[in-house]
Amino acid sequence: MRPAQTTYQRPTSVAEALQILAAHEGAKLLAGGHSLIPAMNQRLATPELLVDIGRLDELKGISVSGNTLVIGAATPHAQVTASPNVRAHARALAQACGMLADPQVRNWGTIGGNIAHADPASDPPTVVLAAGGKLRLQSATGQRVVDANDFFLDLFTTALQPGEILRSIELPIVVDRRSAYVKMPHPASRYAVVGVAVFLDVANGYCSHASVAIGGAVPKATRSPGAERALQGSHLDDAALAAAAAAISAEVSGMAMSDLYASAEYRTAMAGVILQQAVRAALA
Amino acid sequence: MATRIFGSGIKRREDPRLITGKARYTDDFQMAGMVHMVVVRSPHAHARITSIDTSAARGAPGVVAVFTGHDLKLGAIPCAWLVPGSDLKVPAHPALATETVRYVGDGVAMIIATDRYLAQDAADLVQVTYEVLPAVVNPETSTKEGSPQLFPEIANNVAFHWVASSGDDGVNQAFAEAEVVVKERIVQQRLLPTAMEPRAVLAQWDKYAEELTVYSTTQNPHIARFILSGVTGVPEHKLRVIAPEVGGGFGSKIPVYADEALAAWASMKLGVPVKWAETRSENYQVTIHGRDHVEYVEMAATKEGKVTAIRGTVYAGLGAYISTAAPGVPTILHGLMYSGAYAIPHIRAETFGVLTNTTPVDAYRGAGRPEATFLVERLMDRLAHTLNMDPVALRRKNLIPPFENGYTVAIGLTYDSGNYEAALAKALGMFDYEGFRREQAAARQQGRYLGIGVTTYSECCGLGPSQVAGAVGFQGGLWESAIVRFSPAGKVQALIGASPHGQGEETTFAQIIADELGVPVDDVEIAHGDTNRSPMGWGSYGSRTTPVGGAALVTAARKIKEKARAMAAHLLEAATEDIEYGDGKFFVRGAPDRFKSIQEAALMATLAWNLPAGMEPGMEASAFYDPPNFVYPFGTHIAVVEVNPATGQVDLQRYIAVDDCGPQINPMIVEGQIHGGLVQGIGQVLCEGVVYDDQGQLLTGTMMDYAMPRADMFPTFEIESTVTPSPHHPIGVKGVGETGAIASTPTVYNAVIDALQPFGIEQMEMPLTAPRVWKAIQDARAKGGQ
């Protein structure tokens with residue numbers, strides 16, 4: 001826990017933060033600090049300048065705007081979990097932010113920092129992707145909105161460009177849409193070994209819409225078109241769930257990650273098992 | 001005051017300061033002119049040092065000095081348990097390596113700077129060139145021809161070879177004639193002790209008085225002084241070791257490490273206080289690890305399930321150097337416990353102590369007895385499965401019958417007292433065993449896999465008679481001492497040589513004194529942890545503080561009480577033999593209104609205006625207590641698990657622990673000790689395990705990778721006890737610091753294996769993580785299991 005020397009600035013607006021970023025090539029954005037500071041403590045990251053955007057009110061808060069749920073990037077996980085709006089419209093996100101790490105991290109760490117960091121084993125990216133979410137990015141020249149499908153590019157790699165700040169996470173609100181996030185946590189880090197998010201529209205037992213994403217098992221949060229096809233248009237019976245499980249495992253196979261704790265083979269098999277648990281949890 | 005406070009679950013007086021941030025740990029102390037030390041450590045597990053260039057580091061901001069091993073004038077870090085008859089060879093362990101590094105973390109240089117961050121910056125500037133050598137990490141592999149050699153003088157890395165036997169002919173004959181033999185290869189994986197407080201040291205050389213004061217995270221300040229005196233050359237009477245608040249040890253703070261010696265030397269060299277505090281990553285890299293056995297064990301029995309013999313060959317990893325107590329752990333504390341709670345006529349234990357390119361291994365909670373209990377209990381379940389016998393019935397058939405004053409097992413130890421059947425009966429009384437077996441059978445029909453593990457154990461703690469310490473090569477005594485004194489106004493101060501660091505003896509020892517002397521418990525202060533204040537003692541480990549230190553305390557208190565009785569008799573103008581005692585008062589027999597309180601007697605003895613002839617002034621007594629034997633706690637543990645065959649996840653559903661540590665001074669603290677032990681022991685089964693790669697890199701080097709047990713893994717523990725006093729202890733108590741860690745590992749392991757019987761799975765390497773259990777089930781299914 002002995003970081004190298006660094007310097008620190010706390011701008012009072014996103015615009016000012018962008019100016020500082022533009023002026024300092026070695027600057028890193030700091031929000032909750034729960035990805036960056038651990039890396040600094042091990043001297044895996046040695047930024048010359050920390051630009052603290054964690055206290056900017058314009059990046060905080062949760063609101064509903066028309067049919068969109070808007071979550072400020074600097075909102076701590078604990079507030080996401082506690083939000084009635086998130087619970088009502090994206091229960092899976094409330095679950096994910098409520099089960100990641102531990103209470104201290106959830107009180108300090110921010111959803112935007114987590115998503116921008118794009119740790120493949122992190123929970124929120126999987127949910128945002130399955131929800132059909134969008135990311136609003138701001139640069140000195142203006143704002144742009146990127147679909148989550150196009151945002152997560154690879155391990156720790158996103159569509160964020162140098163000089164851009166993630167402003168907010170925007171999720172579509174669909175009446176009566178159900179969702180759930182289930183993960184198998186690593187016993188030490190509590191990151192996802194396999195995490196699956198599902199969003200379903202179900203009426204009279206019939207599933208008219210299914211979106212599914214998986215994280216932890218693969219290098220980036222990834223949609224599962226096979227599982228979505230198996231679930232959508234079904235009555236979510238055992239046969240449909242088994243087909244969806246087989247489909248997601250087949251998709252994961254070949255790109256599954258392997259580490260000290262769990263093999264690619266295990267992650268591949270668990271993709272299907274956890275998917276079934278997630279569907280059942282969404283229906284419960 | 002008539003009620004005894006002994007046996008009362010009063011709250012721990014230690015806790016308010018611990019939970020409100022008022023406790024002071026070594027790293028909390030600041031001194032004028034204090035500088036900070038950081039050790040530059042080898043990134044290679046085995047390498048020759050070609051050169052060390054410290055010039056850039058010397059010029060770095062804040063740097064006061066940079067030293068390498070060539071600058072030091074320090075003795076080697078010693079080993080203090082020289083097990084005899086084992087051909088033990090202790091290789092030199094320099095505080096900083098100059099020629100060869102032998103594990104990742106081996107020190108090669110030290111930075112002294114005004115600030116620990118600047119010291120770390122400078123450490124990164126030290127240029128060391130290495131010629132990397134092949135490394136070996138597995139203790140069994142390390143003994144094979146052709147393995148990398150750590151020291152030229154130690155052939156095949158075998159530092160010692162130790163055998164204990166009830167008689168080899170008898171053992172061999174029992175196996176040759178056995179109707180059934182079961183065998184197993186057991187890997188006791190390496191564990192990280194992970195005390196909440198990492199190690200730290202603050203050394204202060206007083207150049208005027210030529211005295212060295214060392215604040216140290218130690219479990220045994222007197223041993224630390226003894227060893228540091230030898231290493232630094234500072235005579236013992238000029239060397240003071242202080243163990244302030246110590247945040248847990250679990251054995252990892254018994255040894256004296258290179259870091260303490262380096263800080264002491266640097267303070268003497270530079271004339272300023274030097275502080276060193278390890279990071280958690282450093283703690284995982286250089287503070288001792290536990291366990292690390294590869295064992296080949298077997299048990300012989302009749303078809304009726306009578307065990308006739310047990311034997312084992314153990315490759316015990318020692319790491320790259322031999323730590324303070326390391327040779328004693330897999331031998332004396334392990335091999336002599338192969339009988340467990342059972343009457344086994346023939347026993348042979350053989351241990352190879354093996355050097356590897358890894359962090360040194362030493363005593364970790366239970367220290368040898370958990371490994372012994374595991375192999376005995378594992379073989380019992382294996383035998384039960386082989387004979388198709390119920391494992392509880394098999395144990396009952398082999399338990400040592402009740403004994404109150406000594407039972408000698410075939411390998412030579414004499415257990416003090418035991419009633420194993422009673423503890424088993426009590427545990428089974430808390431659990432519908434037959435009903436569970438029916439439920440288990442029904443669940444299997446539905447594809448659910450329930451399992452049960454039952455352990456009947458005995459362990460050996462309260463180390464121990466000094467004569468035995470000498471006989472087994474421990475380079476110290478194992479007695480304890482205490483001083484008890486009244487202040488003039490009637491408060492009691494007790495000074496003890498042992499050094500509690502979380503176990504709660506400030507509370508339980510005050511309870512002992514309160515009862516012995518009839519004073520309010522809040523009037524008693526227990527002081528420890530400072531060699532200039534506390535009397536000599538050998539420290540807190542091996543569940544010995546209460547069995548040994550508590551006995552010294554009782555003895556000193558009883559001496560005081562007798563002096564107070566004589567003083568009271570004098571004041572009451574009565575003969576001492578006519579004085580009776582009750583509730584803190586001495587009164588004349590037949591005249592209870594004529595009395596003197598113990599405080600009055602103490603005050604008058606302290607004022608000394610009118611002493612009986614021949615009495616010395618003051619009210620103080622000291623006692624030295626050398627136990628006649630170890631103490632042998634025992635009990636029965638039961639675990640129920642369910643294994644999810646789809647994921648391999650193990651759900652621990654119930655845990656019952658019936659432990660017998662004799663009379664309990666404070667049942668709440670006993671329960672706390674058992675809880676902590678259970679969590680550590682079950683952690684070994686379900687999640688903990690050190691992993692090195694083939695090059696000796698520690699892959700589980702942070703808490704993100706090394707899985708500590710967590711509260712959400714556990715059900716509410718169901719804790720009960722039986723009470724069988726130790727016949728030789730003045731108040732009958734036995735140790736309880738390690739029983740939970742000793743009994744729980746085989747209990748939960750056997751429960752998982754029991755759950756997996758339909759798959760024909762008899763063995764898996766710990767930890768039994770979900771991926772590992774899932775793989776075992778997949779493999780069994782592929783082979784045609786259920």
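Residue numbers start from 1 in every chain, and the chains themselves are labelled A, B, ... in the order their sequence lines are given, proteins ahead of strands. Nothing here was measured: the structure is a model prediction, and the numbers come from that model. Worth knowing before you read on, the calculation uses all heavy atoms, side chains too, and leaves out hydrogens, waters and symmetry mates.
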S.K.: So which of A/Q42, A/R43, A/M184, A/H186 has the biggest tally of heavy-atom pairs under 4.5 Å with chain B?
M.R.: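 Ranked by heavy-atom pairs under 4.5 Å with chain B, first place is A/R43.
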S.K.: Considering only NZ, NE, NH1 and NH2 on the basic side and carboxylate oxygens on the acidic side, decide whether B/D27 and B/R116 come within less than 4.0 Å.
M.R.: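 Yes, charged N to carboxylate O under 4.0 Å.
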S.K.: Compute the centroid of each ring, for A/Y266 and then for A/Y261, and state whether the two points are separated by less than 6.0 Å.
M.R.: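 No.
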S.K.: So for B/L118, is it side chain, backbone, both, or neither that comes closer than 4.5 Å to the heavy atoms of chain A?
M.R.: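 It is the side chain, since no backbone atom gets that close.
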S.K.: Non-hydrogen atoms of chain A under 4.5 Å away: do they reach the side chain of B/D693, the backbone, both or neither?
M.R.: neither
S.K.: If you measure only the distance, is there a donor-acceptor pair under 3.5 Å linking the side chains of B/Q189 and B/Q684?
M.R.: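 Present: a donor and an acceptor within the cut-off.
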S.K.: Quick check, are the ring centers of B/Y706 and B/Y284 under 6.0 angstrom apart?
M.R.: yes
S.K.: Which atoms of B/Q649 are under 4.5 Å from chain A, going by heavy atoms: the side chain, the backbone, both sets, or neither?
M.R.: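 Contact with chain A: side chain only.
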S.K.: Do A/T7 and A/E48 meet the criterion of a side-chain donor-acceptor pair at a distance under 3.5 Å?
M.R.: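 Judged by distance alone, the side chains do not pair up.
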S.K.: Out of B/K775, B/M703, B/R710, return the one with the most heavy atom pairs under 4.5 angstrom to chain A.
M.R.: B/R710
S.K.: Would you mind checking which part of B/T647 comes under 4.5 Å of any heavy atom in chain A, side chain (CB onward), backbone (N, CA, C, O), both or neither?
M.R.: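 Both parts, heavy atoms under 4.5 Å.
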S.K.: Please identify, among A/P187, A/P38, A/A269, the residue contributing the most non-hydrogen atom pairs under 4.5 Å to chain B.
M.R.: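 If we count pairs closer than 4.5 Å to chain B, A/P187 comes out on top.
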S.K.: Most heavy-atom pairs under 4.5 angstrom with chain A, which of B/V38, B/T702, B/T769?
M.R.: B/T769
S.K.: Quick check on A/P3 against chain B: is it the side chain, the backbone, both or neither that has a heavy atom closer than 4.5 Å?
M.R.: both
S.K.: I'd like to know which of B/C687, B/G689, B/A646, B/S281 tops the heavy-atom pair count under 4.5 Å against chain A.
M.R.: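 Option with the greatest count: B/A646.
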S.K.: Heavy-atom pairs under 4.5 Å with chain A: which of B/T279, B/L686, B/D121, B/D705 has the most?
M.R.: B/D121
S.K.: Is B/K275 paired with B/D28 through a side-chain N to carboxylate O contact shorter than 4.0 Å?
M.R.: no
S.K.: Would you mind telling me which of A/S189, A/A188, A/S263 has the largest number of heavy-atom pairs within less than 4.5 Å of chain B?
M.R.: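 When all of A/S189, A/A188, A/S263 are compared, A/A188 has the most.
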S.K.: Checking B/N357 side chain against B/A45 main chain: does a donor-acceptor pair fall under 3.5 Å?
M.R.: yes
S.K.: Less than 3.5 Å apart, any donor N or O on the side chain of A/S122 or A/N114 sitting next to an acceptor on the other?
M.R.: yes
S.K.: For A/E265, is it the side chain, the backbone, both, or neither that has a heavy atom closer than 4.5 Å to a heavy atom of chain B?
M.R.: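 Contact with chain B involves both backbone and side-chain atoms of A/E265.
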S.K.: Under 4.5 Å from any heavy atom of chain A, what part of B/R280 do you find: side chain, backbone, both or neither?
M.R.: neither
S.K.: Below 4.5 Å from any heavy atom of chain A, which atoms of B/A119 appear? Answer side chain, backbone, both or neither.
M.R.: neither
S.K.: I'd like to know if B/R41 and B/D259 make a salt bridge, using a cut-off of under 4.0 Å between side-chain N and carboxylate O.
M.R.: yes
S.K.: Tell me, for A/Y191 versus chain B, whether the close heavy atoms (under 4.5 Å) come from the side chain, the backbone, both or neither.
M.R.: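 Side chain of A/Y191 only, per the 4.5 Å heavy-atom cut-off to chain B.
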S.K.: Any chance the rings of A/F156 and A/H117 have centres within less than 6.0 Å?
M.R.: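 Distance test on ring centres: under 6.0 Å, yes.
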S.K.: Do the charged groups of B/R199 and B/E282 touch, with an N to O distance under 4.0 Å?
M.R.: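 Between B/E282 and B/R199 there is no salt bridge, as every charged N stays at least 4.0 Å from the carboxylate O atoms.
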S.K.: Given heavy-atom pairs under 4.5 angstrom as the criterion, report whether the side chain, backbone, both or neither of A/R267 touches chain B.
M.R.: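 Neither part.
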